[in-house]
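These numbers were taken from a predicted model, which means no experiment stands behind them. Keep in mind that the numbers below use all heavy atoms, side chains included, and drop hydrogens, waters and symmetry copies. Both counts, for ligands and for their atoms, begin at 1 and track the order of listing.
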Amino acid sequence: MTPAAYVHLDLDAARHNLAQVRCYAPNACIMAVIKANAYGHGIERVASALQNADGFAVARVDEGVKLRRAGFTQPITVLQGFVCTDELRLLLQQQLAAVVHTPQQIAMLQQHVGPGQLSIWLKMDTGMNRLGFKGADFNAAYQALLACAAVQQPIHLITHFANADDLLDDKTRRQIDWFNEAVKDYPGERSIANSAGIMGWPTLSVGNRIDWVRPGLMLYGCSPFAGKTGADFGLKPVMSLHSRLIAVKDIAVGETVGYSGTWLCQAPTRLGVVSIGYGDGYHRHAASGTPVLVNGKRVPLIGRVSMDMITVDLGSQPEARPGDPVVLWGDGLAVEEVALHADTIPYTLLCGITQRVAIIDDHHG
Ligand SMILES: *Cc1c(COP(=O)(O)O)cnc(C)c1O
């Protein structure tokens, strides 16, 4: 018996997408970004599937510790670094690398006594205005860390794009130039590009230093560019979200469907009820008209998404029955397309899968 709602993972697709990253960035090392439970796919499963990556990146210390406890020995970078000395000790103990982006972190490193040295990525803020040091502060931070016994040398260098998904915005070019200029005399490895940078800005130049690209979304088979899907870039979707019809009924003209009666029946309609809702991570803002696959064919969602169910118009499929299979996104229906109808981006849909959704892949469960 299959579960009511489940995610199927195609881990071969994940390996294929990793190989695509190598084609886009043949001279770079790959830090596979598997934060947020690998964008909803399950961090341990994805880490196991992507053993060929040169390292992993996570957002927070606990995510890195989880990987170490699961036995992963690759380089792992914690993109937010640490915020207290307890976290600093954990990073050292578990041999996790950390992004350093605040004066407080530098002070903690200077005061640290004890064995071991922390591998660090010093972050430059090149215009994202989230994490990192700017201008002269960046160079001062570098000098301070150079003199710090708790820091492993060389210090690696990192920045993050703000608008790389907009190919017409030359802010990305300015970010690249500013970063390269600031780090040109430093020996450490460099890391700039996320998925949009890898796919959209292939002329990224980091000179002859080792560069680490940081793909997240593209590993899961998706495009960060509006109006494009992963398939346009040779990527394959990893996640498919499945459920099934649980009821079929006919609705008369003048009836409304679902909470608040947002959908009004204007012609006799065969309606299907699907066991999926925002309690599973199917976005509540998916509007009437959002495509859903019933028995592999597209039908439109109608009415509001509720916690455990959605309703669809089965007009094109009068033979559909309770128990018939439904795909909300994945193979045959790009999550990017669903995201457009839900007024969001594929990232939030993938990350939003909730605990009650069973995750299965070809090898387990
Ligand atoms: C999440 C993240 C990435 C990966 O971004 P994608 O757009 O998913 O490729 C890369 N670098 C940093 C610093 C991040 O926070």
Side-chain angles (χ1 to χ4, degrees), residues 14 17-18 20-25 28-41 43 46-47 50 53-61 63-64 67 75-82 96-102 105 120-133 156-167 169 171-172 175-176 179 189-202 204 206 211-226 228-230 233-235 237-239 335-336 339 344-352:
N17 297 335
L18 180 65
Q20 289 298 102
V21 177
R22 293 237 184 258
C23 296
Y24 278 99
C29 293
I30 301 176
M31 202 187 278
V33 180
I34 54 175
K35 61 193 178 185
N37 199 28
Y39 292 44
H41 295 65
I43 189 167
V46 172
L50 300 182
D54 303 291
F56 297 120
V58 293
R60 303 190 183 144
V61 175
E63 295 173 315
L67 285 172
I76 299 173
T77 298
V78 176
L79 295 169
Q80 295 181 0
F82 51 97
L96 300 166
V99 170
V100 171
H101 55 84
T102 65
Q105 289 174 319
I120 67 166
W121 289 90
L122 177 61
K123 188 156 195 178
M124 179 172 173
D125 181 353
T126 51
M128 178 72 167
N129 281 305
R130 210 172 51 180
L131 301 183
F133 297 94
H156 304 309
L157 306 148
I158 188 169
T159 193
H160 191 50
F161 289 137
N163 296 8
D165 59 326
D166 181 351
L167 298 176
D169 188 343
K171 178 175 184 134
T172 301
Q175 287 190 264
I176 295 166
F179 179 72
E189 296 167 8
R190 281 94 158 101
S191 181
I192 313 184
N194 54 3
S195 296
I198 295 163
M199 294 193 275
W201 302 83
L204 270 181
V206 292
D211 181 34
W212 286 78
V213 291
R214 305 191 305 273
L217 192 68
M218 69 184 290
L219 293 174
Y220 309 98
C222 292
S223 154
F225 303 106
K228 302 258 190 220
T229 67
F233 298 90
L235 304 172
V238 177
M239 178 193 290
V335 68
E336 292 93 323
T344 186
I345 51 176
Y347 296 83
T348 66
L349 297 183
L350 299 177
C351 286

Closest non-hydrogen atom pair between Ser191 and Phe179, with its separation: O-CZ, 4.3 Å
Nearest-contact summary for atom 7 (O) of ligand 1 - protein heavy atom, Å: Tyr347 OH, 2.6 Å
Protein heavy atom at shortest distance from atom 11 (N) of ligand 1: Arg214 NE, 2.9 Å
Shortest protein heavy-atom distance from atom 9 (O) of ligand 1, along with the residue and atom involved: Ser195 OG, 2.5 Å
Test item: Asn37 side-chain N/O and Gly40 main-chain N/O as donor-acceptor pair under 3.5 Å: no
Side chain, backbone, both or neither: Leu217 near ligand 1, heavy atoms under 4.0 Å: both
Side chain to side chain, Tyr220 and Met239, heavy atoms closer than 4.5 Å: no
Polar proximity ligand 1 side, Gly216 side, N/O cut 3.5 Å exclusive: yes
Closest non-hydrogen atom pair between Pro224 and Asp165, with its separation: O-CB, 3.5 Å
Heavy-atom nearest neighbour in the protein, as seen from atom 8 (O) of ligand 1, with distance rounded to 0.1 Å: Tyr39 OH, 2.6 Å
Centroid separation Phe233 to Tyr24 less than 6.0 Å: no
Winner among Lys35, Met128, His160 once heavy atoms are compared against atom 15 (O) of ligand 1: Lys35
Which atom of Val21 lies closest to which atom of Ile30, heavy atoms considered: CG1-CD1, 3.6 Å
